[in-house]
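The structure's right below; bear with me while I get my questions together.
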Amino acid sequence: MATALGNLSEYNADALPDGSPFKIHLVVSEWNNNITEALLQGAQTTLVQLGVRPEHLKIWKVPGSFELIYGAKKAQQQKPDAVIAIGSLIQGETQHFDFVCQAVSQGIKDLNVQSDVPVIFCVLTDNTLEQAQDRSGGRHGNKGVEAAVAALQMANLNSK
Ligand code: DLZ
């Protein structure tokens, strides 16, 4: 699994639950969409490789990472087995980055506390575009893959 400098995409499929019973919703921010589409691709491909049926995946698009909270809440209401929130925040020149990072992480934490449907945090918070590229299919792998693995593990936890 992921480490600070390791590859985010390594997993042992034999040690993971079979995805075939599960419905997974993916909420995707359109801001920095080259990055978020690559994360989505990594997550979708991994979920299907681990047995999730393509028709059991639902994708919701939202304008920016701040809207992931509301989008994930709406997705939870449809009772999938897990939700993956996908976003990419890149540091700018103002404090906006810090406020949105804080809001999104707290908001998604709150959704996990309030609902039985787990929400996986697949939001990159990087200083540079290069760092985001490194983690969305570049030299550090793809955090979407890591999020897909986490989603199956959490969905399986709920089915016990
Ligand atoms: C406004 C904004 C800025 C400056 N940067 C980002 C970013 O790097 N990543 C991201 O996902 N969203 C960004 N946004 C948009 C906000 O998340 C949000 O969509 C708007 O503030 C509208 O609520």
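As the structure lists them, so they are numbered: ligands from 1, and atoms in each ligand from 1.
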(request) Heavy atoms only: give me the nearest L39-R135 pair and the separation to one decimal. (result) CD2-O, 3.8 Å

(request) Check whether the side chains of T45 and Q49 place a donor and an acceptor atom closer than 3.5 Å, and report yes or no. (result) no

(request) Spell out, as yes or no, whether a donor-acceptor pair under 3.5 Å connects the side chain of N127 to the backbone of Q91. (result) no

(request) Determine yes or no for a side-chain-to-main-chain donor-acceptor pair under 3.5 angstrom, with D126 supplying the side chain and T128 the backbone. (result) no

(message) Can you work out which protein residues put a heavy atom within less than 4.0 Å of ligand 1?
(response) S29, W31, N32, G64, S65, F66, E67, S88, L89, I90, H96

(request) Measure the spacing between CG of L129 and CD1 of I35 and express it to the nearest 0.5 Å. (result) 5.0 Å

(request) Nearest 0.5 Å please: distance from the NZ atom of K58 over to the NZ atom of K23. (result) 12.0 Å

